[in-house]
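Report on the structure given below.
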Amino acid sequence: MVLNLSSSPIEVVAIEHIPAIMASAAEQQQQQQQTTLEFYQAMADFENRFPQMDDDVIEAVLRSNQGAVDTTGHQLLYPNLIRLPRS
């Protein structure tokens with residue numbers, strides 16, 4: 001049910017749906033944890049996989065992806081797709 005009390009609608013959720021919503025949020029968090037390694041372990045893994053690449057580049061790409069190793073790996077494999085902010 002959506003109540004329109006002002007210009008922005010408010011969604012009302014039945015109390016019996018709250019456990020399912022919380023479970024969904026927990027599942028999303030677990031999925032994110034599965035694809036995000038602890039930072040230093042991820043750095044070590046990427047340094048081993050890309051020994052010719054500068055560590056600062058690896059770190060910048062990993063940080064720009066908030067530790068998402070899948071995205072970082074793809075960007076390191078295809079460096080022409082890397083878009084680093086200019087300083």
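Positions are given from 1, in the same order as the sequence printed here. Note: hydrogens, waters and symmetry copies are ignored here, and every other heavy atom, side chains too, is used.
- Residues satisfying the side-chain contact (heavy atoms from CB on, under 4.5 Å) criterion with R63, sequence neighbours excluded, are F39, E59.
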For residues 46-56, run the donor-acceptor check on the side chains, cut-off 3.5 Å, and write out each pair with its distance to 0.1 Å, sequence neighbours left out.
from : atom 1 : to  : atom 2 : distance (Å)
N48  : ND2    : A44 : O      : 3.3
D54  : OD2    : D56 : N      : 3.2

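- Not a single donor-acceptor pair under 3.5 Å links the side chain of T72 to the backbone N or O of V69.
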